[in-house]
Colleague: 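First the structure, which I've put down as structure tokens, then a few questions once you've had a look.
Here the structure is a predicted model, which means the values were calculated and not measured.
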Amino acid sequence: MSKETLLSVGVVTAAVAAIGWMLLPSSNQGASAAPMLTQVSVPVDMTTSPAVLELFTSQGCSSCPPADALVGQLAKTRGDILVISRPVTYWDRLGWRDTLAKPENTDLQRAYAARGLSGRNGVYTPQAVINGRGGVVGSNAARIEGLLKQTAPQRKNAPQLAVLNDSAVTISGPASGTARLSLVSLDSQESVSIALGENRDRTITYTNLLVAEAVLGTWNDNEQTFTLPANFRQTAGADKFALILREGRAGPILAARRL
């Protein structure tokens, strides 16, 4: 189910810019076989930029629970992946208002679609976006793994994010243009009992939910230092934090760092 009708790539950008997205759910789009979970456990490396997997999901999407389970497993076993779950708002009209959804998640997904992603572009759930570059149905473990492998050269040559005592971050390395450094605050886990809609009477667990995102400044090239907000670890509802360096508002993610 729960997936918007995908327009042809040639029409998408102009259509989104002109009139926005029409949300047209289908009974069979977005469905995927049960995910084959990665069995290899990769420890967290605080010195190397992880790949960023953003999952666009919804409590009103019956195809989303397998994707939610998959990214939950990846977050536990793959230290080379930073998972961010981004519940969207547009399925609220199907009978259940998503208690975790944020309009900014919906806005980012639409901006990705307008810009154009490799792989499976569009506005649908569940969608996994890897490093802001490629999209895929979020429950398709094999295709997610394929996109993750494609990020290896980019991550190897990524700008370096060095953090000093939770007070400042220094970025060093070459840049092709202007990038934004953001602090993301995450809720590591929430389980929600859903009373209505397509997931009625189910309890779904969500991993690394976006709580807040704050832009710290823009980076152009070479070495720059940015101040981290005082007491950012006291952000209400958050227990995990990370830095993301991305081109523009919805461009490719150049580097990331857990805090």
Side-chain angles (χ1 to χ4, degrees), residues 2 35 37-38 42-44 46 49-61 63-92 96-109 112 125-132 138-139 144 161 163 166 169 180-197 199 202-216 228-246 250 253 256-259:
S2 297
L37 300 182
T38 301
V42 177
V44 173
M46 296 295 287
S49 178
V52 179
L53 189 164
E54 298 171 290
L55 178 68
F56 295 93
T57 183
S58 173
Q59 294 171 18
C61 159
S63 297
C64 286
D68 298 316
L70 174 60
V71 300
Q73 185 69 13
L74 292 174
K76 291 178 181 178
T77 61
R78 295 288 297 272
D80 58 334
I81 302 171
L82 172 62
V83 167
I84 301 176
S85 291
R86 292 183 175 271
V88 296
T89 58
Y90 47 79
W91 295 124
D92 289 356
W96 174 258
R97 186 177 179 84
D98 192 306
T99 61
L100 303 171
K102 292 183 178 296
E104 51 263 48
N105 293 334
T106 304
D107 292 344
L108 176 61
Q109 190 184 32
Y112 275 150
T125 57
Q127 183 190 40
V129 175
I130 309 299
N131 273 17
S139 55
I144 287 175
L161 307 181
V163 178
D166 269 1
V169 54
R180 303 196 317 178
L181 179 67
S182 296
L183 170 68
V184 292
S185 303
L186 307 173
D187 178 357
S188 59
Q189 189 174 95
E190 290 288 341
S191 293
V192 179
S193 297
I194 301 171
L196 298 170
N199 287 316
R202 300 183 70 173
T203 298
I204 311 297
T205 299
Y206 300 92
T207 301
N208 289 357
L209 289 150
L210 180 75
V211 173
E213 186 167 1
V215 177
L216 303 182
L228 289 169
N231 302 320
F232 70 85
R233 292 192 184 275
Q234 297 179 16
T235 302
D239 58 3
K240 287 186 177 180
F241 306 89
L243 296 166
I244 292 178
L245 183 67
R246 102 160 57 233
I253 292 174
R257 171 75 184 261
R258 295 178 177 89
L259 293 173

Colleague: Please tell me if the side chains of Asp187 and Leu100 come closer than 4.5 Å, counting only heavy atoms from C-beta onward.
Modeller: no
Colleague: Test Tyr112 against Glu54 for side chain to side chain donor-acceptor pair (under 3.5 Å), laying out the working first.
Modeller: CA-CA 11 Å; Tyr112 275 150; Glu54 298 171 290; 2.5 Å; yes
Colleague: When Ile130 is tested against each of Ile81, Leu53, Val52 for side chain to side chain contact (heavy atoms under 4.5 Å, CB included), which residue passes?
Modeller: Leu53
Colleague: Which pairs count as salt bridge (charged side-chain N to carboxylate O under 4.0 Å, His left out) when at least one residue sits in residues 204-213, sequence neighbours excluded?
Modeller: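 Every pair satisfying salt bridge (charged side-chain N to carboxylate O under 4.0 Å, His left out) with a residue in residues 204-213: Arg86-Glu213.
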Colleague: Only counting residues at least two apart or in another chain, list the ones meeting ring-ring contact (aromatic ring centres under 6.0 Å, His included) with Phe241.
Modeller: Phe232
Colleague: With a cut-off of 6.0 Å (strictly less than), are more than 12 heavy atoms of other residues, nucleotides or ligands near CZ of Arg97?
Modeller: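 Result for CZ/Arg97: open.
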Colleague: Please report the interatomic distance CD(Gln109) to CG(Leu55), rounded to the nearest 0.5 Å.
Modeller: 9.5 Å
Colleague: Does the side chain of Ser191 pick up a donor-acceptor pair with the side chain of Thr203 at under 3.5 Å?
Modeller: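 Side chains of Ser191 and Thr203: no pair found under 3.5 Å.
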Colleague: Is there side-chain contact between Val83 and Leu186, with heavy atoms separated by less than 4.5 Å?
Modeller: no
Colleague: If we ignore hydrogens and angles and just use 3.5 Å, is the side chain of Arg258 paired with the main-chain N or O of Pro50 as donor and acceptor?
Modeller: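 Judged by distance alone, no pair lies under 3.5 Å.
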Colleague: If you define the side chain from C-beta out and look only at heavy atoms, does anything of Leu183 sit under 4.5 Å from Val169?
Modeller: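 Of all side-chain heavy-atom pairs linking Val169 with Leu183, none is under 4.5 Å.
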Colleague: Would a distance-only check, ignoring hydrogens and angles, find a side-chain to backbone donor-acceptor pair under 3.5 Å from Asp239 to Ser188?
Modeller: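 Such a contact is found between Asp239 side chain and Ser188 backbone.
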Colleague: From Gln59 CD over to Ile194 CD1, what is the distance, rounded to the nearest 0.5 angstrom?
Modeller: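 One finds 4.5 Å between CD of Gln59 and CD1 of Ile194.
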Colleague: If you look at every heavy atom in Arg246 and Leu108, which pair is closest and at what distance?
Modeller: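 The pair with the smallest heavy-atom distance is NH2-CD2, 4.0 Å.
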Colleague: How close do Arg180 and Val215 get, heavy atom to heavy atom, and via which atoms?
Modeller: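 Nearest pair, atom of Arg180 first, then Val215: CZ-CG2, 3.9 Å.
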Colleague: Got a donor-acceptor contact below 3.5 angstrom from the Asn199 side chain to the Cys61 backbone?
Modeller: yes
Colleague: Looking only at heavy atoms, what is the nearest atom pair of Ala256 and Ser49, with distance?
Modeller: N-OG, 2.9 Å
Colleague: Return yes if some donor-acceptor pair links the side-chain N/O of Ser85 with the main-chain N/O of Thr207 below 3.5 Å, else return no.
Modeller: yes
Colleague: Kindly give the heavy-atom pair with the smallest separation between Thr205 and Asp68, and that separation in Å.
Modeller: O-CB, 3.8 Å
Colleague: Hey, does the side chain of Asp92 reach the backbone of Asp98 with a donor-acceptor pair shorter than 3.5 angstrom?
Modeller: yes
Colleague: In the structure I gave you, are the side-chain heavy atoms of Leu243 and Val163 within less than 4.5 Å of one another anywhere?
Modeller: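 The answer is yes; the side chains approach within 4.5 Å.
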Colleague: For the residue pair Ile204 and Thr57, establish whether any side-chain heavy-atom pair is separated by less than 4.5 Å.
Modeller: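 A side-chain contact is absent here, since even the closest heavy-atom pair is not under 4.5 Å.
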Colleague: Would you name the heavy atoms of Ala75 and Asn208 that are closest together and state the gap between them?
Modeller: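 Heavy-atom minimum between the residues: CB-ND2, 4.3 Å.
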Colleague: So, for Leu70 and Gly138, which heavy atoms are closest and what is the spacing to 0.1 Å?
Modeller: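 So the minimum-distance heavy-atom pair works out to CD2-O, 3.5 Å.
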Colleague: For Thr106 and Thr89, indicate whether the former's side chain and the latter's backbone hold a donor-acceptor pair under 3.5 Å.
Modeller: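 Yes; judged by distance alone, with no hydrogens or angles, the pair exists.
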Colleague: Can you confirm whether Ser63 sits close enough to Thr125 that some side-chain heavy atom of one is under 4.5 Å from a side-chain heavy atom of the other?
Modeller: no
